[in-house]
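First the structure, in the form of structure tokens, and then the observations on it.
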Amino acid sequence: MNSFKTADAAQPWCSKCAKHPEGSKKIRDPLGGNSGGRSRSYSCNECGKTMWAPVDCKNAGLHGMIFVLFGVTCMIASVFALLLSSDNLFLYMAIVEGLVVCYVYQRCWKKKQHWVKFENWSKRKESVYGS
């Protein structure tokens, strides 16, 4: 049974189950730090999906866009360095930078979507229960 009667953005929330599952366990998240970090990751005991406390995901879209702009700038700098040099190291740097940017953006996008789903769910829940 779910012990959370209202939507709580500070508690882990599962977007697949659309609720705050009890007994969720903390997991290590390479981008969010370990269990004691600010961005905590959890595993839902009911469906196994990775979930976060929605408050940790609120600004993920902005953080993702800042990182993408910085990463693209670094990639462009690497390509210009490649054009000015005959060293292939800059090509490899641009490829690795692109992969890192894609991975981080994908993670930030997932967290942003998690926040949006939580907001929609909490608004429906409040309208149903009159909170």
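Predicted model, so just to flag it, every value in this text is computed and none were measured.
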Original post:
Stepwise, does the side chain to side chain contact (heavy atoms under 4.5 Å, CB included) test hold for Lys49 with Ser15?
Top reply: CA-CA 8 Å; Lys49 183 177 169 128; Ser15 60; 3.2 Å; yes

Can you see which heavy atom on [X] is nearest to which on [Y], and at what distance?
{"X": "Cys14", "Y": "Cys47", "value": "SG-SG, 3.5 Å"}
{"X": "Pro54", "Y": "Trp13", "value": "CG-CB, 3.8 Å"}
{"X": "Cys57", "Y": "Trp115", "value": "O-CB, 3.9 Å"}

The residue among Tyr42, Trp109, Trp121, Trp52 that forms ring pair (Phe, Tyr, Trp, His ring centres under 6.0 Å) with His114 is Trp52

To the nearest 0.5 Å, atom NZ of Lys110 lies from atom OG1 of Thr50 at 6.5 Å

Value for CD (Gln11) from CE (Met51), rounded to nearest 0.5 Å, stands at 10.0 Å

Legend entry - Cluster overlap Tyr103 with Ile66, hydrophobic side-chain contacts below 4.5 Å: no

Practice prompt. Treat each ILVMFWY residue as a node, draw an edge where side-chain heavy atoms are under 4.5 Å apart, and state whether Leu99 and Tyr92 are in one component.
Written response: no

Walk me through it: do Lys19 and Glu46 pass the test salt bridge (charged side-chain N to carboxylate O under 4.0 Å, His left out)? CA-CA 11 Å; Lys19 63 181 179 178; Glu46 295 178 23; 3.0 Å; yes

Exactly one candidate in Val96, Leu91, Leu89 meets side-chain contact (heavy atoms from CB on, under 4.5 Å) with Met93; the answer is Leu89

Let me have the donor-acceptor pairs involving side chains of residues 71-79, under 3.5 Å, with sequence neighbours excluded, atom names and distances please.
| unit_1 | atom_1 | unit_2 | atom_2 | d |
| --- | --- | --- | --- | --- |
| Thr73 | OG1 | Leu69 | O | 2.7 |
| Ser78 | OG | Cys74 | O | 3.1 |
| Ser78 | OG | Glu97 | OE1 | 3.2 |
| Ser78 | OG | Glu97 | OE2 | 3.4 |

Set out, in order, the CA-CA distance, both residues' side-chain angles and the distance that settles side chain to side chain contact (heavy atoms under 4.5 Å, CB included) for Val100 and Phe67, then state yes or no.
CA-CA 10 Å; Val100 169; Phe67 188 83; 3.9 Å; yes

